[in-house]
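Each chain gets a letter, A, B and so on, in the order its sequence line appears, and its residues count up from 1. Small disclaimer: the values here were computed from a predicted structure and weren't measured. These numbers come from the heavy atoms of this one structure, side chains and all, not from hydrogens, waters or symmetry mates.
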Protein chains: 2
Amino acid sequence: MTARTSPEASRDIPEATVARLPVYLRALTSLVEAGTRTCSSEELAGAAGVNSAKLRKDLSYLGSYGTRGVGYDVDYLRYQIAREIGVEQDWPVVIVGIGNLGHALANFSGFRSRGFRVVALLDADPSRHDEVVAGIDVRPFADLEAIVREHGVAIGVIATPAVAAQDVADRMVGCGITSILNFAPTVLSVPTGVDVRKVDLSIELQILAYHEQRKAQGEATPATTGPGDPAHHELVREETA
Amino acid sequence: MTARTSPEASRDIPEATVARLPVYLRALTSLVEAGTRTCSSEELAGAAGVNSAKLRKDLSYLGSYGTRGVGYDVDYLRYQIAREIGVEQDWPVVIVGIGNLGHALANFSGFRSRGFRVVALLDADPSRHDEVVAGIDVRPFADLEAIVREHGVAIGVIATPAVAAQDVADRMVGCGITSILNFAPTVLSVPTGVDVRKVDLSIELQILAYHEQRKAQGEATPATTGPGDPAHHELVREETA
DNA sequence: GCCGGTTTGTTCTCCCGTTCACAAACTCCT
DNA sequence: AGGAGTTTGTGAACGGGAGAACAAACCGGC
Ligand SMILES: NC(=O)c1ccc[n+]([C@@H]2O[C@H](COP(=O)([O-])OP(=O)(O)OC[C@H]3O[C@@H](n4cnc5c(N)ncnc54)[C@H](O)[C@@H]3O)[C@@H](O)[C@H]2O)c1
Ligand SMILES: NC(=O)c1ccc[n+]([C@@H]2O[C@H](COP(=O)([O-])OP(=O)(O)OC[C@H]3O[C@@H](n4cnc5c(N)ncnc54)[C@H](O)[C@@H]3O)[C@@H](O)[C@H]2O)c1
């Protein structure tokens, strides 16, 4: 998709692997804190909740950082993964929408410890502008561009209501932000080159509900709720009309 | 995995499709509210941010609910998807860990409107037990079993610190909860038959950081930070020792 | 120096998911 | 009634990821 400029560029890592590297990183950090020096793919895979073959294949995309017959140097591997992900340096981040969720995010200590630094909290509501959350004062949304330029922000977090999310995203993109984490339940439309990831509580719960319904189906009373399809079809159309 | 008991059981839906159905459901709800009666796969796919062929194939797993040459009856399709997911009736949910995040979740209005009902907020900290959040009073974690039995809760949300998450999950499973949404950054181990989904802010940000680093790599100064591998290898080992 | 035991890195195969492309089916207009 | 135009549902090709299995590489003991 993007041009390969650097000749020494590391082979591109499959998306599925990229999504697991942070899990490995976390497991390795735990091991480091526990004083472990070395671990096998089997141990690490257990801690990360994945298959050991998958783990080894994932790590092989980064390079050959293990030692056959021994395993991996925990701290060395942790560093290599952190470097590959890009969280050795801190990424400045802005959070927009300091409501219920925005407060929780601002207070979330995991940001700093995992390679991110909240440089600003923004909200459109003037009544919030005198507030200080987690040591950072909430500023007007209009300050976005100045802040992004000042700190070189590339990553933005959206925690506004759904109706405002697209506007906020547009403004972010206009300022030069190229990665967005969206908590609002909306599909964002952004130009090519901008990455969007969404965190959607309702979707996660509904996926659980689907499987839950499936589990219940086997043991429930014979006539659960829904009869054949055609009758329901009519019923629903009546509701509409 | 589970036995097919019902003869009329609908064919099992691919996991990737299940994960998209809630997105379609949301898009359809928007269309209903906008007064739209009918829509084509192209329109709906646009609203959901997916390929129209994918949308059609996804919907085909549910049945043939469209009309060729016309499209889909918005309200009818919305009902069918909601029924398939299982969010026509409300699912009782408990939230454990009423800290920063737990407060936000408790105040989240999207629960009720999307098929879920928070029946209890639980926390181990006694100083929180006199608190009322979003009209629900925070109760001792020890009440979990009684509440689960009383309301027939099948879905639990974990918003405790990571160290407590596995204990909470074990207790939940012990009470009969079979679906867990985990916000704590830990790998949970649960018996077969229990579904766990995780929402992990740090992982999402780190995935964005990886791609962001990739984007920057092409245009950055020649010597970014890291030299060849061997030297760094030593450096890191020194840090450890 | 060599051998048994251990663990990685990689190859191979299979399966799931995505996308293309098109026949079948429906509506509307004449 | 018939034909032109539209849109669904699905068969088939394709690509990527998961897991099994194994050869290569390393350690430690003798
Ligand atoms: N609270 C949760 O646990 C939770 C969970 C999942 C998803 N969400 C989603 O996250 C979003 C925020 O939820 P919340 O509970 O914090 O809502 P909230 O109403 O408490 O907070 C929203 C904040 O965004 C601000 N805002 C509105 N428009 C803005 C704009 N154009 N620019 C900048 N700021 C703006 C508001 O002033 C407010 O402070 C919602 O989309 C919600 O659906 C929340
Ligand atoms: N705050 C965020 O935005 C955010 C974002 C992503 C992930 N998380 C994760 O979500 C979790 C909660 O975050 P937080 O900021 O709300 O933390 P917090 O410390 O504010 O709240 C944790 C709550 O859990 C309670 N608790 C602790 N042990 C318990 C137990 N055994 N049983 C029941 N309750 C118990 C505590 O009393 C406290 O009220 C953490 O694991 C955090 O890493 C938080």
Round to a whole Å and report the spacing from [atom1] of [X] to [atom2] of [N].
X	N	atom1	atom2	value
Asn51(A)	dC15(C)	CG	C1'	15 Å
Asp73(B)	dC26(C)	CG	C1'	15 Å
Leu55(B)	dG17(C)	CG	C1'	15 Å
Leu59(A)	dG9(C)	CG	P	7 Å
Lys54(B)	dA21(C)	NZ	C1'	17 Å

(Q) Using OP1 and OP2 only, check whether a side-chain N or O of Tyr65(A) sits under 4.0 Å from dT7(C). (A) no
Between [Y] and [X], is there a salt bridge with N-O shorter than 4.0 Å?
X	Y	answer
Asp195(A)	Lys215(B)	yes
Asp200(B)	Arg26(A)	yes
Arg112(B)	Asp90(B)	no
Arg83(B)	Glu88(B)	no

Among [options], the one nearest [X] by side-chain distance:
X	options	answer
Pro14(B)	dG9(C), dT8(C), dG17(C)	dG17(C)
Arg68(B)	dG17(C), dA25(C), dT8(C)	dA25(C)
Thr67(B)	dC26(C), dT18(C), dT8(C)	dC26(C)

Q.
For the backbone of Gly174(B) and the side chain of Asp170(B), can you confirm whether one donor and one acceptor N or O come within less than 3.5 Å of each other?
A. no
Q) So, does Glu204(B) use its side chain to make a donor-acceptor pair with the main chain of Val199(A) at under 3.5 Å? A) no
Q. If you pin Lys57(B) and Ser40(B) to their nearest nucleotides in DNA chain D, which one's is more 5'?
A. Ser40(B)
Q | First encountered from the 5' end of DNA chain D, between Arg20(A) and Tyr72(B) | A | Tyr72(B)
**Q.** Pair Thr17(A), Asp58(A): side-chain N/O donor-acceptor within cut-off below 3.5 Å
**A.** yes
Q) Which is the 5'-most and which the 3'-most nucleotide of DNA chain D that has an atom under 4.0 Å from a heavy atom of chain A? A) dG17(D) to dC27(D)
Q) Counting any heavy atom closer than 4.0 Å, what does Glu42(A) reach on the DNA or RNA strands: base, sugar-phosphate only, or nothing? A) nothing
